[in-house]
Amino acid sequence: MQNMAGITDIKSLHESEGSEVTLRGWLYGKRSGGKIAFLLLRDGTGVCQCVVEAREERAFEAASGLGQESSLAVTGTIRKDDRAPGGYEMLVSAIDVIQAVDDYPIARKSHGVDFLMNHRHLWLRSPRQTAILRIRHTLVRAMREFFDERDFTLIDTPILSPGAAEGAGTLFPVRYFDEGEVNLAQTGQLYLESACMALGKVYCFGPTFRAEKSKTRRHLTEFWMIEPEIAFAGLDDLMDLAEEFICGIVDAVLDKHRGDLELLGRDPAPLEKVAAPFPRITYSDAVDILRGDELHEQLAADLESDRARLQEMIDEITALEDRRDRSRKGWQQDKLEERIQSLREEVRDLDTDIANRPAHMRDALNFKWGQDLGGDEETLISRQFDKPVFITEYPREVKAFYMKPSPDNPGVVLNMDVIAPEGYGEIIGGSQREDDYDALDARMLEEGMNREPYEWYLDLRRYGSVPHGGFGLGVERTVAWICGLRHIRETIPFARLMGRIYP
RNA sequence: UCCGGCGUAGCUCAAUGGUAGAGCGGGUGGCUGUUAACCACUAGGUUGUAGGUUCGAGCCCUACCGCCGGAGCCA
């Protein structure tokens with residue numbers, strides 16, 4: 001939107017066709033001829049090609065020495081031109097250099113992971129990262145709107161909390177005055193249950209912390225979770241809600257971010273298939289699938305085709321290397337090099353995957369009822385479906401103390417996990433909660449838990465207890481799935497990973 | 001903690017145990033419609049660290065450090 005001083009942004013450039021305006025932003029790229037220069041200015045809303053002709057002497061002079069990411073205010077006339085990226089360009093009359101830069105470290109080419117992560121504060125400026133951040137924003141907004149529109153009340157649960165909520169999890173200790181050690185929260189759920197009894201339908205949304213030493217593409221030590229909790233709800237209600245929720249947020253991204261998805265190289269087709277109803281299978285069904293012939297025949301076939309694919313990729317690399325060595329143009333070599341590198345990375349991935357496959361298959365065949373489903377098992381199962389899949393009613397031994405056992409089968413609890421398609425793993429975990437005082441008390445005793453720090457939680461079962469339940473959705477895994485990212489570290493502005501806390 | 005891979009110019013990568021190179025980026029010059037522009041020239045290095053083998057080590061061996069991936073653990 002153009003203001004009184006003629007300042008506008010690139011997103012609304014078409015409104016200014018024919019008039020003189022000022023854009024403020026950063027130099028993204030530059031090309032120049034002897035008497036003409038093309039500046040690519042980015043301002044966070046888009047990129048505009050600014051044409052500087054030599055007859056504008058002062059502007060031309062100013063443009064000549066500018067390096068990438070110099071900050072500028074550029075004034076000129078907007079005109080339509082098919083040769084300009086975006087369809088509109090600026091014929092520059094004046095350049096105000098706010099800060100000239102000549103040594104910006106991140107080039108418009110590929111870089112290594114370590115380098116980029118160490119420059120995350122600058123990496124955020126690149127087109128791919130801004131696309132992800134925009135999609136993350138839309139997702140978060142869609143999530144909040146989803147619950148707001150359904151009369152949920154937002155409850156902010158504490159981050160400093162006295163005890164472990166889910167028993168086994170590894171937590172970050174924090175010294176708290178003279179109280180000794182407290183922990184960073186790994187879920188808001190227990191507090192949320194209190195608010196649920198106050199307001200009926202509530203949700204919390206905030207960061208959570210896990211101190212597990214997991215170095216994988218699916219793990220962060222600090223991640224965001226949105227958790228609804230509903231009074232007078234059973235497991236089926238929770239699944240219906242989760243289903244609608246996931247469809248809603250996927251639609252929001254498909255609606256607004258076709259361009260961003262394309263920029264990310266994300267095929268939208270699998271996302272378009274995400275529609276209710278999702279498959280719902282029980283843990284016992286899952287065990288049958290894992291041990292069944294059908295899965296193993298399919299896995300064997302996959303293994304064959306993946307081996308063939310691996311060989312194809314290796315051949316392609318050899319061909320590309322040959323082309324690279326014969327290529328004269330520097331930037332073509334660089335481009336080929338980039339494809340070679342990314343192919344090599346894929347080869348390494350596929351290679352480890354193939355190497356791990358026999359162990360996975362063996363584990364699946366030997367899977368015993370009662371074991372917890374790990375990431376590998378979940379992935380195997382999700383490959384059987386092209387939508388998110390619910391897995392319900394896990395053995396109570398592998399699940400948290402607060403989950404309610406099934407009335408039909410006390411050996412299992414009324415829980416559900418949602419596994420995202422395409423190998424992205426669990427994005428939702430939830431359950432109906434144990435609402436009976438005696439049953440909860442007995443279970444805590446059985447787990448050897450110290451009851452004292454949970455007296456307040458037990459109070460919820462003393463005073464007007466009702467059936468209730470909820471679930472938590474991991475924001476970053478959802479972003480990774482929807483954006484089709486290999487690694488979760490790109491889904492959050494500043495990823496906190498084991499061994500990485502800078503910047 | 002364990003297993004595997006990798007550490008070479010600012011960046012991305014080459015280099016049979018035998019004179020450390022290319023492209024990008026930087027600098028200088030040329031070019032009025034470029035799309036990661038192009039052309040010419042140019043500067044840029046304690047090959048992660050410390051030992052060892054060898055006439056000779058970026059390359060082989062040992063230890064350590066760092067990063068990545070996986071396992072375990074987990075969402």
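Remember, it's a predicted structure, so these values are computed and weren't measured experimentally. Every chain is numbered from 1, with letters handed out A, B, ... down the list of sequences.
- Picking from B:rU32, B:rC11, B:rU34 the nucleotide with the shortest atom distance to the side chain of A:R83 gives B:rU34.
- Between B:rG10 and A:H119, no contact under 4.0 Å exists linking OP1 or OP2 to a side-chain N or O.
- Under 3.5 Å, the side chain of A:E53 and the base of B:rG33 form no donor-acceptor pair of N or O atoms.
- Contact annotation: A:R217 side-chain N/O to B:rC68 OP1/OP2 distance is not under 4.0 Å.
- The side chain of A:S32 lies closest to B:rC31, out of B:rU34, B:rG27, B:rC31.
- Heavy-atom distances to RNA chain B give each of A:A107 and A:T221 a nearest nucleotide, and the one nearer the 5′ end belongs to A:A107.
- The nucleotide whose nearest atom lies closest to any side-chain atom of A:Q49 is, among B:rU32, B:rC68, B:rG33, B:rG33.
- In this structure, A:F223 reaches the bases: a heavy-atom distance under 4.0 Å links it to at least one base atom across the strands shown.
- Within the nucleic acid shown, A:G33 comes within 4.0 Å of at least one base atom, counting heavy atoms only.
- Atom CD of A:Q311 has more than 12 neighbouring heavy atoms from other residues, nucleotides or ligands inside a 6.0 Å radius.
- Note on A:D372: nothing from the nucleic acid sits closer than 4.0 angstrom, heavy atoms only.
- For B:rC73, the base has a donor-acceptor partner in the side chain of A:S214 [N/O atoms by modelled type, under 3.5 angstrom].
- Checking B:rU12, B:rC67, B:rA36 against the side-chain heavy atoms of A:R31 singles out B:rA36 as nearest.
- In this structure, the CD atom of A:E212 is 20 Å from the P atom of B:rC2, given to the nearest Å.
- As judged by a 4.0 angstrom heavy-atom cut-off over every strand, A:R79 is placed among the base-contacting residues.
- For the pair A:W224 and A:M143, the minimum side-chain heavy-atom distance is 4.5 Å or more.
- Contact check, A:R500 against B:rC68: a side-chain N or O comes under 4.0 Å of OP1 or OP2.
- Heavy atoms of A:G67 sit nowhere under 4.0 angstrom from any nucleic acid atom.
- Nucleic acid contact class of A:P105 (heavy atoms, under 4.0 Å, all strands): none.
- What separates NE2 of A:H487 from P of B:rC68 is a distance of 8 Å, to the nearest Å.
- In the interface, the side chain of A:R218 is not paired with the base of B:rG70 through any donor and acceptor atom under 3.5 Å apart.
- The side chain of A:K109 sits closest to B:rC11 out of B:rA71, B:rC11, B:rG33.
- Nucleic acid contact class of A:D103 (heavy atoms, under 4.0 Å, all strands): none.
- As judged by a 4.0 angstrom heavy-atom cut-off over every strand, A:G112 is placed among residues touching the sugar-phosphate backbone only.
- Between the CG atom of A:L66 and the C1' atom of B:rG25 there is a distance of 16 Å, rounded to whole Å.
- Taking only side-chain atoms of A:F115, from C-beta outward, the nucleotide of B:rC11, B:rG27, B:rA71 with the closest atom is B:rC11.
- Counting any heavy atom pair closer than 4.0 Å across all strands shown, A:E227 reaches no nucleic acid atom.
- At a threshold of 4.0 angstrom between heavy atoms, the contacts of A:R486 with the nucleic acid are absent.
- Ring geometry, A:Y283 versus A:Y394: the interplanar angle falls from 30° to 60°, so the pair is classed tilted.
- Note: CZ (A:R357) to P (B:rA71) measures 13 Å, nearest angstrom.
- Contacts of A:F38 with the nucleic acid, taken as non-hydrogen atoms under 4.0 Å apart, include base atoms.
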